[in-house]
Engineer: 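Structure incoming, see below.
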Amino acid sequence: MTTEPREHAAYDFAYVQEKWLPIWDKLEPFKSGRADDARPKKYVLDMFPYPSGDLHMGHAEAYALGDVIARYWIQRGFNVMHPIGWDAFGLPAENAAIKRNEDPRIWTYENIATQKASMRRYACSFDWDRVFNTCDPEYYKWNQWLFIELHKRGLAYRKDSAVNWCPGCQTVLANEQVVAGLCERCDTAVTKKKLNQWYFKITDYADRLLDDMAQLEGQWPDKVLTMQRNWIGRSQGANVVFEIEGRTEPVTIYTTRPDTLYGATFMVVAADSPLAAELAAGGSVEKEFTEYLEKIKAASDIDRLATDRPKSGVDLKRFAINPVNGEKLPIWASDYVLADYGTGAIMAVPAHDQRDLDFARAMKLPVRTVVETGEEDPASSGVATHGDGVMINSGSLNGLKKVEAIAAITKELEAKGLGKSSRNYRLRDWLVSRQRYWGTPIPIVHCDKCGEVAVPADQLPLTLPDAKGLDLKPKGQSPLAAATDWVNTQCPTCNGPALRDTDTMDTFVDSSWYFLRYPSSTNHDEPFSRKDVDTWLPVDQYVGGVTHAILHLLYSRFFTKVLHDIGMLGFNEPFTRLLNQGMVVMDGSAMSKSRGNLVRLSDELENHGVDAIRLSMVFAGPPEDDVDWSDVSPSGSVKFLTRAWRLSGDVTSAPGVDFTKGDLSLRKATHKALHDASFAVESFRFNVAVARVMELVNATRKAIDSGCGPADPAVREATEAIAIMLSLVAPFTAEEMWERLGHKPAVALAGWPTIDPALLVADEVEAVVQINGKIKERILVSPTITDAELEAQALAHPTIAQELAGATPKKVIARAPKLVNIVL
RNA sequence: GCCCUCGUAGCCCAAUGGCAGAGGCAGAGGACUUAAAAUCCUCCAAGUGUGGGUUCGACCCCCACCGAGGGCACCA
């Protein structure tokens, strides 16, 4: 736009936006420093977007918050890297491609261009030199390289397993794509299907993923740490060996309560485990068992997850021998025991485990209490007791407490070779295969002679075949399988005919290490250089939605640890500090087209301007809270920005004027605002920082209109401070103010004003005098007064003396210079 | 069922255990104006979900309950 400035009495945000964007393009204020930069580094990272269309309100909030942090540290003199890229592989592009019958690349790169242009207009302080997209062969080449590194170390492997299967979409689903038992996209009930798939062995890192969280304590939201702990779900217990009648091999069970071993009255094996099938085979129960197995396999996740589901199972008519007392325990098969947790078999102690008790009552099995807790007998109450108590009916354990009994029995079992202390995890290995087109091809060749062979590094990237001619519709097999020219290849080892793996990688692989690539985004020889990561990593501040609290963050932590072990990284946690912003909602619920409460970002920007929208997002409340757009007032933000902008036109002193000659009370307000705003930003209370700027704007307005007047140096000092503070939130307004104040762009690089500590202390402060906690008097005292002096002044005060009426205080608490409390 | 977070003016939100109010929205009145808009000034409001406890002193710490939101969910 080349319109001349209108005669605008009011601040014209549209004009100001068009005016500064090309100037900033030329200045490139946010290029992070290169090798010779002496400033201390800060790596501020926003979670990269998925290019699903243009930016929406959620992006507007996230990037506004990340920008405040990045711009703050730049002003504070740090060499800030604030990069952006696109998480560009994934199903929405594939679905759009199917619908439009074109290559997913077209939709993806168009959307990236759209989002990039919107980010520029939104004045994000990104370093545009470091951009990459995960669907660029130059990027996914390194996914493949990393896959092979994991494969070399046994951390990438294939296995048969029952995976989530959506009959509607004809594809496997990740756990996170199954919402309440339904496919998140088509709402079809998800079933299980046995498939041979690739996994990453994240379970090898379970303990470190848990224990290293100690480093993150206080730096990450507690909520996220708790969620990760629960997700990993480490439990401490013991494996116990039970002999089985008529079977050579004993069966090992896992329990967290070995102390209750004498209370076991039956054993349960997972119905879908090989063990259950073997124990049922050939016996009178085989038919009944097979029917049961068919029934539970047909059950959807919906049924399986129902909380009040009655227990079911089959008596296998076989017996296990309790190692501590030789008792014969009937063995049952049931679906309440999971085949892939622990050993897939449990000892059932109905008195002290609710599930076992429910099962025992349903099947009329005996209940034996072995911990006397003082509560009602579980056999009659139907409520299992979990608490501590005294062991009974337990041979050598009788009389012991829970902890003592666990130690004693574990030791006893270990001595006899019948058991040992053991740990289990809820965390499962990460299923990375996807039967989809738009992802990173798995760089493995299957050869009849040589088995699975990694594609040699010099043949990477293994690029996706052209989408033209491929049917991308989901049909249970990867679309890549149909690209016969691509699939048929030579074995890299024996040069014989071989087939490529046709699956692609989960897109979470792409995002698990992208933050390592930004410092080396143009490196063609390695995924990242050790020198670059040593310079920039770990990420000092990560900003993103809480929706990624578990998966993305857990996977990234896992990758970081693996790369640390390989020797490519010198640290083991990728993100030092984490901020989770809330969502933008409307009238209390998430925005959606179907709900009819969608607010379009482009409309809001059109109506109120970029700065007002950014300000509204930041000022709406604490960043981790949801922003309800019906509660915020963008027009109020416009009003405030206009008010601030007007100050810059009122200042009449010249740039460079000596501030120390300025009005003292306004100077104090300025320095206090700078001090408080710094503190607020550093503790993520951006809304409070904005409130401090508003106060200073009000104080400056008053000083101009009815105080020291526009020519006072303090008015310039205050207005310049306002421009600099506003540059974090409202860059256009701030830049315009900065120019009107007689400075050259860019205000983003002006530097945070130095705070004079002498101006932060008041000459006199008001101290409160309380009697028995009730305020009786306020007195003006020096801020440096001692406790004793304050106490003396308080007691000598006429009002207080009168109140006391000669009574001797029991106690006097003085907290100089704020208050005195006299206790009678 | 288990775990986590949060309840402060009409609304959004502030308050290192020390005067409950910083800021904003909405509302009322006034100045300016022929009038309106814009702008400026002034005013308005809760005793902190409920009940206990610790403390000289509690919005803040502890316990119980009520309410809202979120996470996990047959993990032995």
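Each chain gets a letter, A, B and so on, in the order the sequences are listed, and its residues count up from 1.
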Engineer: Got a donor-acceptor contact below 3.5 angstrom from the A:Ser422 side chain to the A:Asn239 backbone?
Structural biologist: no
Engineer: Who is the Watson-Crick or G-U wobble partner of B:A45, with both distances under 3.5 Å?
Structural biologist: none
Engineer: Rounded to whole Å, please give me the gap between CG in A:Leu329 and P in B:A76.
Structural biologist: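 Going from A:Leu329 (CG) to B:A76 (P), I get 20 Å.
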Engineer: Which of these passes side-chain contact (heavy atoms from CB on, under 4.5 Å) with A:Leu578: A:Leu225, A:Leu216, A:Val546, A:Leu553?
Structural biologist: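 Testing each of A:Leu225, A:Leu216, A:Val546, A:Leu553 against A:Leu578, the sole residue satisfying side-chain contact (heavy atoms from CB on, under 4.5 Å) is A:Leu553.
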Engineer: Report yes if a side-chain nitrogen or oxygen of A:Thr226 is closer than 4.0 Å to either non-bridging phosphate oxygen (OP1 or OP2) of B:G71; otherwise report no.
Structural biologist: no
Engineer: Take atom P in B:C59 and the same atom in B:G17, then report the distance between them in whole Å.
Structural biologist: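 Pairwise P distance, B:C59 against B:G17, rounds to 13 Å.
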Engineer: Suppose you measure atom C1' in B:C74 against the same atom in B:G57; what distance do you get, rounded to whole Å?
Structural biologist: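 Rounded to whole Å, the distance is 50 Å.
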Engineer: With sequence neighbours excluded, give me every salt bridge (charged side-chain N to carboxylate O under 4.0 Å, His left out) pair touching residues 614-639 of chain A.
Structural biologist: A:Asp67-A:Arg614
Engineer: Strictly by Watson-Crick or wobble contacts shorter than 3.5 Å, is anything paired with B:C6, and which nucleotide is it?
Structural biologist: B:G67
Engineer: With both distances under 3.5 Å as the test, what is the Watson-Crick or G-U wobble partner of B:A73?
Structural biologist: none
Engineer: Below 4.0 angstrom from OP1 or OP2 of B:A15, is there any side-chain N or O of A:Arg685?
Structural biologist: yes
Engineer: On a whole-Å scale, what distance lies between the C1' atoms belonging to B:G24 and B:U8?
Structural biologist: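 It comes out at 16 Å once rounded to the nearest Å.
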Engineer: Less than 4.5 Å apart, side chain to side chain, heavy atoms only: is that true for A:Val729 and A:Asp611?
Structural biologist: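 Not in contact.
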Engineer: Compare side-chain N and O positions of A:Tyr336 against OP1 and OP2 of B:A76 and report whether any pair is under 4.0 Å apart.
Structural biologist: no
Engineer: Measuring only between side-chain heavy atoms, which start at C-beta, is A:Phe266 closer than 4.5 Å to A:Ile331?
Structural biologist: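 A side-chain contact is absent here, since even the closest heavy-atom pair is not under 4.5 Å.
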Engineer: If the glycosidic angle sits within 90 degrees of zero it is syn, else anti. Tell me which applies to B:G49.
Structural biologist: anti
Engineer: Compare the minimum distances between each of B:A76, B:A14, B:C3 and the side chain of A:Asn230, then state the nucleotide with the smallest one.
Structural biologist: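 The nucleotide sitting nearest to the side chain is B:C3.
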Engineer: Expressed in whole Å, how much space separates the P atoms belonging to B:A76 and B:U16?
Structural biologist: 41 Å
Engineer: Is there a donor-acceptor pair under 3.5 Å between the side chain of A:Arg229 and the backbone N or O of A:Leu210?
Structural biologist: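 A pair under 3.5 Å: no.
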Engineer: Which base sits across from B:A15 as a Watson-Crick or G-U pair, both distances under 3.5 Å?
Structural biologist: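 Checking every strand shown, B:A15 finds no partner, since no pair has both distances under 3.5 Å.
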Engineer: Give the rounded distance in Å between these two atoms: CZ of A:Phe679 and P of B:A14.
Structural biologist: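 Going from CZ in A:Phe679 over to P in B:A14 covers 14 Å.
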Engineer: A:Lys702 near the nucleic acid: base, sugar-phosphate alone, or nothing, with a heavy-atom cut-off under 4.0 Å?
Structural biologist: sugar-phosphate
Engineer: Round to the nearest Å and state the distance from A:Tyr254 atom OH to B:A76 atom P.
Structural biologist: 6 Å
Engineer: Can you check the A:Asp222 CG to B:C3 P distance for me, whole Å?
Structural biologist: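 Going from CG in A:Asp222 over to P in B:C3 covers 16 Å.
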Engineer: Can you tell me how far the CG atom of A:Asn607 sits from the CD atom of A:Glu604, to the nearest 0.5 Å?
Structural biologist: 6.0 Å
Engineer: How far, in whole Å, is B:G29 from B:G67 if one measures between their C1' atoms?
Structural biologist: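 About 38 Å, rounded to a whole number of Å.
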Engineer: What is the separation between atom CG on A:Asp650 and atom P on B:C40, rounded to the nearest whole Å?
Structural biologist: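 In whole Å, B:C40 P and A:Asp650 CG are 10 Å from each other.
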Engineer: Expressed as a whole number of Å, how far does the C1' atom of B:G51 sit from that of B:C56?
Structural biologist: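 Roughly 23 Å separates the two C1' atoms.
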Engineer: Carefully, step by step, assess A:Arg423 and A:Asp207 under the rule side chain to side chain contact (heavy atoms under 4.5 Å, CB included).
Structural biologist: CA-CA 10 Å; A:Arg423 275 175 177 177; A:Asp207 279 321; 3.2 Å; yes
Engineer: Quick one: look up who B:U33 pairs with, Watson-Crick or G-U, both distances under 3.5 Å, and put none if it's unpaired.
Structural biologist: none
Engineer: Separation of A:Asp340 atom CG from B:C74 atom C1', in whole Å?
Structural biologist: 13 Å
Engineer: Rounding to a whole Å, what distance do you find between A:His386:NE2 and B:A76:P?
Structural biologist: 11 Å
Engineer: Under 4.0 angstrom, heavy atoms only, what part of the nucleic acid is A:Pro622 near: base, sugar-phosphate, or nothing?
Structural biologist: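 Sugar-phosphate only.
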Engineer: Check nucleotides 55-59 of chain B for protein N or O atoms closer than 3.5 Å to its own N or O atoms and list the pairs.
Structural biologist:
| residue | atom | partner | partner atom | Å |
| --- | --- | --- | --- | --- |
| B:C56 | OP1 | A:Lys811 | NZ | 3.2 |
| B:C56 | O2' | A:Asn821 | ND2 | 3.3 |
| B:C56 | O2 | A:Asn821 | ND2 | 2.4 |

Engineer: When you compare B:A15 with B:U48, how far apart are their C1' atoms, in angstrom units rounded to a whole number?
Structural biologist: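 Here B:A15 and B:U48 have their C1' atoms 11 Å from each other.
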Engineer: Could you tell me the separation between the CD1 atom of A:Ile550 and the C1' atom of B:C4, rounded to a whole number of Å?
Structural biologist: 12 Å
Engineer: Side chains of A:Leu696 and A:Met725: closer than 4.5 Å at any heavy-atom pair?
Structural biologist: yes
Engineer: Judged by atom type as modelled, is there a donor-acceptor pair below 3.5 Å linking the side chain of A:Asp388 to the main-chain atoms of A:Lys402?
Structural biologist: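 Yes; judged by distance alone, with no hydrogens or angles, the pair exists.
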Engineer: Is it true that A:Asp340 and A:Arg428 have a side-chain N and a carboxylate O under 4.0 angstrom from each other?
Structural biologist: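 Yes.
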Engineer: Taking any strand in view, what nucleotide pairs with B:C61 in a Watson-Crick or G-U wobble way, both distances under 3.5 Å?
Structural biologist: B:G53
Engineer: Once each nucleotide of nucleotides 23-31 of chain B is scored for protein heavy atoms under 4.0 Å, what B/S/- sequence comes out, 5' to 3'?
Structural biologist: BSS------
Engineer: Suppose you measure atom P in B:C62 against the same atom in B:C4; what distance do you get, rounded to whole Å?
Structural biologist: 12 Å
Engineer: Tell me which of A:Val768 and A:Arg426 sits closer to the 5' end of RNA chain B, going by the nucleotide each one is nearest to.
Structural biologist: A:Val768
Engineer: Between A:Trp430 and A:Tyr555, does a ring-ring contact (aromatic ring centres under 6.0 Å, His included) hold up when you go through it step by step?
Structural biologist: CA-CA 9 Å; A:Trp430 172 11; A:Tyr555 295 153; 3.6 Å; yes
